[in-house]
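Worksheet: the structure to be examined is printed underneath.
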Amino acid sequence: MRKKALALTLAAVMGLSLTACGGEEGGGSKGDGVSITIFNSKVEVQSQFEEMAEEYTKATGVNVEVYYSGDTVAAHMATRYSSNDPYTISMVDAKDIYSLAGEHAVDLSGEKWVENTDYAISVDGKVVGFPVCIEARGIIYNAEAIEGITGREFKPEEYKTLDAFKGLLEELAAGGMETPTGIMKEDWSLGAHYLCEVYEEQEDVEGYISSLHAGSADLANNAKWNAKMDTFDVLKQYNYAASSPIAAEREVTEQNLAEGKIAFMFGGNWDWSVINAYDYSEKMGMMPVPQNTSDGTNEKLVGGGSKYMFIDSSENTSEEQRQAAKDFLNWIVFEADGNAFLTKECALVPAFSNMDAAALDPLSASVKKYADEGKLIDNYNYFPDDHLSRCGASFQKYLADQIDRAGFAAEIESYWSATTPVEH
């Protein structure tokens with residue numbers, strides 16, 4: 001049904017919408033057999049992108065093909081460029097925009113959508129990165145499950161300290177939910193999301209990263225490290241899969257959260273794309289990671305612009321293809337069906353002020369609320385490409401009790417001191 005509805009909407013308005021966008025931006029693409037390719041580095045929305053491409057092609061005559069790769073973005077893009085086979089549109093991370101834009105990206109400064117966002121990326125004075133969405137990380141909660149045991153309204157702001165949060169977990173356990181938390185064991189969740197908040201919540205992020213590279217940081221005695229790891233230890237203590245945490249499947253963990261078998265899980269608004277496959281509670285949301293701290297970080301989510309598209313500037317892409325790519329970006333921002341594709345089908349928080357966000361899911365609505373209130377701690381966008389896999393592997397060892405906290409800190413310090421800083 002969803003696919004048919006999207007097809008009907010696209011078919012009904014696409015002819016007019018693309019002509020309007022094209023006329024405003026310099027001619028437009030009317031199809032006529034033009035083919036464009038899109039690289040999607042966000043696996044959670046691959047099926048949605050594939051469905052959209054099929055219907056977009058039918059409605060516009062512009063043939064759209066979407067590709068995904070499990071390789072690191074930098075490695076995959078390098079392979080495509082070395083073979084002179086670039087994608088027309090590539091959706092990558094912020095650091096990839098900075099490293100690729102100078103040589104491979106079209107200047108989009110003149111596009112109308114630039115006026116509607118604070119999240120576009122510019123390099124050398126030119127807008128090159130189209131912000132796909134805003135994403136944020138924190139603790140996902142199932143308020144209905146919590147309230148069913150406590151008998152009172154769940155107010156996330158009352159549990160911003162670890163002490164208060166642990167007290168609630170004890171209450172839930174005593175009330176029948178013996179294991180109220182879940183932990184995703186994937187290296188990207190541990191190494192690229194939870195661990196990164198240790199860096200991102202430092203008072204001087206760049207300075208601290210530099211000290212790690214220099215080998216002068218004392219991670220084991222860092223206040224933020226210990227605050228975050230204290231919280232992680234509590235999540236471990238109440239983890240439903242504590243006896244075999246590395247065997248826990250993401251889908252099972254998210255299903256347990258959706259259906260109220262557990263009440264809390266660290267993650268991000270992207271997790272709705274998994275949660276919504278189950279018999280979920282509508283009364284869900286996101287809250288900052290509880291910490292015993294006075295620096296205010298336990299009142300904010302970590303996030304910001306996430307995933308950016310750029311259009312290829314090489315001779316392997318024709319001007320007609322580039323115009324079709326620009327039309328596609330305009331469709332996302334300015335047309336109701338494009339808005340719906342991003343916010344409803346993909347469950348993503350829009351990075352554009354004009355976009356209709358009424359269809360946002362509960363997690364994304366939480367993120368938008370924190371963003372609107374200025375309560376997002378910026379992502380750090382310059383991690384080495386292997387940070388996720390190598391530090392994620394160390395984190396998995398800690399999750400499985402194969403190393404203690406001091407050993408974990410030592411492995412992280414060893415990693416950083418042996419890496420080369422990412423230029424930016």
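Source: prediction; values computed, not measured.
Taking the ring axis of Y141 as reference, the NZ or CZ atom of K283 does not stay both within 45° of it and closer than 6.0 Å to the ring centre.
We find that E200 and K228 are not joined by a salt bridge, their nearest charged nitrogen and carboxylate oxygen being 4.0 Å or further apart. R250 and D271 are joined by a salt bridge, as a carboxylate oxygen and a charged side-chain nitrogen come within less than 4.0 angstrom of each other. Electrostatic pairing of K95 and D385 counts as a salt bridge here, judged by a charged N lying under 4.0 Å from a carboxylate O. Ion pairing of D93 with K42 is absent here, as no side-chain N (NZ or NE/NH1/NH2) approaches a carboxylate O to less than 4.0 Å. No salt bridge links E147 with R152; every basic N to acidic carboxylate O contact stays at or beyond 4.0 Å.
The aromatic ring centroids of Y87 and H76 lie less than 6.0 Å from each other. Here the two rings, on F130 and W113, have centers that are under 6.0 Å apart. The six-membered or imidazole ring of F154 lies near that of Y159, with a centre-to-centre distance under 6.0 Å. Taking the six-membered ring for Trp and the full ring otherwise, the centers of H387 and Y199 sit less than 6.0 Å from each other. Not less than 6.0 angstrom separates the ring centroid of H193 from the ring centroid of F266. Checked against the 6.0 Å centroid criterion, the rings of Y308 and Y119 do not qualify as a close aromatic pair. A centroid separation of less than 6.0 Å is found between the aromatic rings of F165 and F264.
For P288, the side chain to side chain contact (heavy atoms under 4.5 Å, CB included) criterion is met by L301, Y370, not counting sequence neighbours.
The only option from Y68, Y67, F341 that meets the ring pair (Phe, Tyr, Trp, His ring centres under 6.0 Å) definition with F49 turns out to be F341.
The closest side-chain heavy-atom distance from F39 to V66 is not below 4.5 Å.
Ring planes of F328 and Y56: perpendicular class, angle over 60° (limits at 30 and 60°).
Side-chain contact check for N269 and R137: no donor-acceptor pair (N or O, by modelled atom type) lies under 3.5 Å. For the residue pair Q255 / K261, no side-chain donor-acceptor distance below 3.5 Å is found, with atom types taken as modelled.
One N or O on the side chain of T57 and one on the backbone of V64 form a donor-acceptor pair closer than 3.5 Å. The closest donor-acceptor contact from the side chain of N239 to the backbone of L235 lies at 3.5 Å or more, if one exists at all.
Contacts classified as ring pair (Phe, Tyr, Trp, His ring centres under 6.0 Å) and involving residues 214-245 (residues at least two apart or in different chains) are given here: Y194-F232, W225-F408, F232-F395.
Listed here is the closest heavy atom pair of S389 and D187: CA-OD2, 3.9 Å.
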